[in-house]
Visitor: 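Below is a structure I'd like to ask you about.
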Amino acid sequence: MSASHISPLLADLNPIQTQAVLATDGPVLVLAGAGSGKTKVLTHRVAYLIQEKKVPADSILVVTFTNKAAGEMTNRIKKLLNQLPAATYQLPVMGTFHSICARILRRDGVNIGLTPGFAIYDETDAVEAIKQAMEKLVLTDKKMSPSAVKHTISSAKNEMVSSLEYPRFARGYFQETVAKIYLEYQKILETNQALDFDDLLLLTVKLFQHSPQTLAYYQIKFKYILIDEYQDTNAVQYALTKLLSAQHKNICVVGDASQAIYGFRGADFRNIVNFQADYPNTRVFNLEQNYRSTQIILDAARAVISKNTSHPVLSLWTDNLVGQKIKITEARNEKEEAEIVISEIKKSSELRIKNSELKLLTPNSDIRTLNSYAVLYRTNAQSRALEEAFLKNSLPYILVGGIRFYERREIKDVLAYLRLVQNPKDSVALKRAEKLGKGRLNKFFEVSVTIDKSTTLDTLDLILQKTDYLDTLEDGTDQGKYRIENVKELRSVAEQFPNLTEFLENVALVEHIGAESDQNSDKVTLTTLHQAKGLEWSVVFMVGMEEGLFPHSRSFLNPAELEEERRLCYVGITRAKERLYLTHTRQRLFFGTRSNNLVSRFISDIPQELVQSQMNYINPDQFLDDVSIQKDEDDWLNL
DNA sequence: TTCAGGTGTATTTTT
DNA sequence: TACACCTGAA
């Protein structure tokens, strides 16, 4: 590459983004603020390595937080490479930590005694295995919930504490009992030839520790490693990163401590905070120019997040307009809150219709389709009141979240049969199949022995036909019809993966988007704050801005958790491009009881000059007569 | 095999 | 309040 040659890949990058792309070798930390073009830097960096540095694509490893993110990045890298002269079509190795570890273990896990055809247990399967372990130990103590036990074991695995080591750390009755269950649980997984999600990571570390040749193979293979959302990595993922990058040390991590919102499941943002200390000679790039939001929105976000003290906060700035003030509204209850949201949306939609009728539309005028609105909430339970109001007003919406496709009863049932084809000893699958009827199970076993090397789809169809499973779903209700539709949807996935092992792995590791969620249609998005991460809308409503709900009461006793709530609020605010609404209620119906909540401290943290509201909420004392959450309030005041 | 009725539980969630 | 889950009886 001559000095005069400027790669077209750098053409539309700002100076810091350019530097982050050009710093190909050695440890690199990219601190990417919300809306600062993080994915752009990652994709351009990969394309640059391939195109300009002539790095073979398969020696680049890109780790993402979700499979969806991996897919999006793949598309963008493809596009970039296709635009270039002498287009290269080979793509880097991309995926989540879990999917990459699964691939490694299928290939090399035999070195630590793993069967290549191992099953992957999802949360439900794992909890079922825990139940079986507890039954075996005759733990009739109903006070221990299997999912709490699962969570404790999962935390231990995240800290790389094996079932053999755990008893040493266990303190008190609960943990000591968990220690016994943990041992039994691992035995069950072993006999079932199954790994849970945590095992995928943990056993890969174990494989690398026990088989230096295997480790060396991957260390040499992956010359360049890029990790997205590094603030959301846990201890095992940290260890994997360290092991894999030890040879070439070309490690680039991207993230933002202010957007760390998964501490509750073991993520530790200190991994990103301490990166420089961990990797000597790290070059740091702060992406602080925001391309998404108005200045007012960024100022509000900053006011909220700057109260956190346990991590650094980036100073976002923008060339965008100052924008409109943030609108804060109080509703009497959750129904009125939903109506307020809807009336605001309708106001601008009506404006849109009127303008288009009068042909007043100019390019870039205030045209907003429904998919430029989102309503964000802290807990899923809040979606009900919103949904009811949207239905009542015939305003189209799409609810993101809820029960996932592969978690649905009918899907898990069918998958249980398929898992038994692969491993008839799988006790979790067996128990599920038993629940569907002994007769049905016997019929299944009659045909399952004859299944040899047929495709996933043929196997699935044969099972459905022999067991008459679909009959159990056919009950004349809409729900029954819907369930049958879902099984059909599963058939279409089966068609894509003729190999049963590959099919089951995909099912376990990749979230499937059901047929009903047509994402291109014009609808308002309703979703949790967590699921909004990484997305953006022109207009964002954050509802339920109340003490106890957001920040959630469970975080009151723990300053670290309260900081996580604050980061979640920061994430929510920075989703908005143009307009932000915050709403709260005086009284909310919650699990059958009415509670009077104080206005969220996050609202009080936003300076008045950024806000347009009918009331002054700075002094929450006016609500102190409402006693229902007085106790909680005392808790947080004492922090 | 099915279904009625009792019981427990309700923060966020990808893999 | 509402619903998922389990149990036991028909």
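Since we're looking at a predicted model, the values are computed, not measured. Proteins come first, then strands; the chains are lettered A, B, ... in the order of their sequence lines, and each starts at number 1.
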Visitor: Looking only at side-chain atoms of A:Arg384, point me to the closest of C:dC3, B:dT13, B:dT11.
Guide: C:dC3

Visitor: Between atom OH in A:Tyr377 and atom C1' in B:dT13, what is the gap in whole Å?
Guide: 14 Å

Visitor: Looking at A:Thr528, does any N or O in its side chain come under 4.0 Å of the phosphate oxygens OP1/OP2 on B:dT13?
Guide: yes

Visitor: 5'-most contact on DNA chain C: A:Lys131 or A:Thr593, nearest heavy atom basis?
Guide: A:Thr593

Visitor: Answer yes or no: does a side-chain N or O of A:Gln382 lie under 4.0 Å from OP1 or OP2 of B:dT11?
Guide: no

Visitor: In this structure, how many angstroms lie between the C1' atom of B:dT11 and the CD atom of A:Glu561, rounded?
Guide: 10 Å

Visitor: Only distances under 3.5 Å count here; give the side-chain donor-acceptor pairs of residues 119-134 of chain A to other protein atoms, sequence neighbours excluded, each with its distance to 0.1 Å.
Guide:
| from | atom 1 | to | atom 2 | distance (Å) |
| --- | --- | --- | --- | --- |
| A:Tyr121 | OH | A:Asn192 | ND2 | 3.0 |
| A:Tyr121 | OH | A:Asp426 | OD1 | 2.5 |
| A:Tyr121 | OH | A:Asp426 | OD2 | 3.2 |
| A:Asp122 | OD1 | A:Thr124 | N | 3.1 |
| A:Asp122 | OD1 | A:Asp125 | N | 3.0 |
| A:Asp122 | OD1 | A:Lys412 | NZ | 2.8 |
| A:Asp122 | OD2 | A:Lys412 | NZ | 2.8 |
| A:Asp125 | OD1 | A:Lys412 | NZ | 2.8 |
| A:Asp125 | OD2 | A:Asp122 | N | 3.2 |
| A:Asp125 | OD2 | A:Lys412 | NZ | 3.2 |
| A:Asp125 | OD2 | A:Arg419 | NH1 | 3.2 |
| A:Glu128 | OE2 | A:Lys431 | NZ | 3.4 |
| A:Gln132 | OE1 | A:Ser427 | OG | 2.7 |
| A:Gln132 | NE2 | A:Ser427 | O | 3.2 |

Visitor: Are A:Phe264 and A:His530, when compared by the centres of their aromatic rings, separated by less than 6.0 Å?
Guide: yes

Visitor: To the nearest angstrom, how far is A:Ile227 atom CD1 from B:dT15 atom P?
Guide: 16 Å

Visitor: Starting at atom CG of A:Leu589, determine the distance to atom P of C:dA2, rounded to an integer number of angstrom.
Guide: 8 Å

Visitor: Taking the side chain of A:Arg440 as its heavy atoms from C-beta onward, which of B:dT13, B:dT1, B:dT15 lies nearest to it?
Guide: B:dT1

Visitor: Can A:His552 be said to stack with the base of B:dT11, given centres closer than 5.5 angstrom and planes under 30 degrees apart?
Guide: yes

Visitor: Rounded to the nearest angstrom, tell me the gap between atom NZ in A:Lys150 and atom P in B:dT13.
Guide: 16 Å

Visitor: Check whether A:Ser600 reaches the backbone of A:Phe550 with its side chain - one donor and one acceptor, N or O, closer than 3.5 Å.
Guide: yes

Visitor: So A:Lys533, base contact, sugar-phosphate only, or nothing? Heavy-atom distance under 4.0 Å.
Guide: nothing

Visitor: Is it the case that the side chain of A:Arg76 and the backbone of A:Glu72 share a donor-acceptor pair, with hydrogens and angles ignored and the cut-off at 3.5 Å?
Guide: no

Visitor: How is A:Tyr262 classified with respect to the nucleic acid when contacts are heavy atoms under 4.0 Å: base, sugar-phosphate, or nothing?
Guide: sugar-phosphate

Visitor: Could you check A:Arg554 against A:Lys438 and say which one's nearest nucleotide on DNA chain B is further toward the 5' end?
Guide: A:Lys438

Visitor: Which value, in whole Å, describes the distance between the P atoms of nucleotides C:dC5 and B:dT12?
Guide: 15 Å

Visitor: Are more than 12 heavy atoms from other residues, nucleotides or ligands located less than 6.0 Å from atom NZ of A:Lys392?
Guide: no

Visitor: Specify the separation, in whole Å, of atom NZ of A:Lys68 and atom P of B:dT15.
Guide: 10 Å

Visitor: So, does A:Asn67 get its side chain near the phosphate of B:dT14, meaning an N or O under 4.0 Å from OP1 or OP2?
Guide: no

Visitor: In whole Å, measure the gap between the C1' atoms of B:dT14 and C:dC3 for me.
Guide: 24 Å

Visitor: Partners of A:Phe444 by ring pair (Phe, Tyr, Trp, His ring centres under 6.0 Å), sequence neighbours excluded?
Guide: A:Tyr417

Visitor: Measure the distance from CZ on A:Phe264 to P on B:dT11 and round it to the nearest whole Å.
Guide: 12 Å

Visitor: Which residue, A:Leu568 or A:Leu436, contacts DNA chain B at a nucleotide closer to its 5' end, judged by nearest heavy atom?
Guide: A:Leu436

Visitor: Given B:dT15, B:dT11, B:dT14, which nucleotide is nearest the side-chain atoms of A:Phe197?
Guide: B:dT15

Visitor: For A:Glu564, which contact category applies under a 4.0 Å heavy-atom criterion: base, sugar-phosphate, or nothing?
Guide: nothing

Visitor: Describe the nucleic acid contact of A:Asn380 in one word from base, sugar-phosphate, nothing, applying a heavy-atom distance below 4.0 Å.
Guide: sugar-phosphate

Visitor: In terms of side-chain heavy atoms of A:His530, which of B:dT12, B:dT14, C:dC6 is nearest?
Guide: B:dT12

Visitor: Is atom CD of A:Glu190 surrounded by more than 12 heavy atoms (other residues, nucleotides or ligands) closer than 6.0 Å?
Guide: no

Visitor: I'd like to know if A:Arg265 reaches the base of B:dT14 with its side chain, counting only an N/O donor and acceptor under 3.5 Å.
Guide: yes

Visitor: So, does A:Arg378 get its side chain near the phosphate of B:dT11, meaning an N or O under 4.0 Å from OP1 or OP2?
Guide: no

Visitor: Tell me the interatomic distance from A:Lys431, atom NZ, to C:dC5, atom C1', rounded to whole angstroms.
Guide: 12 Å

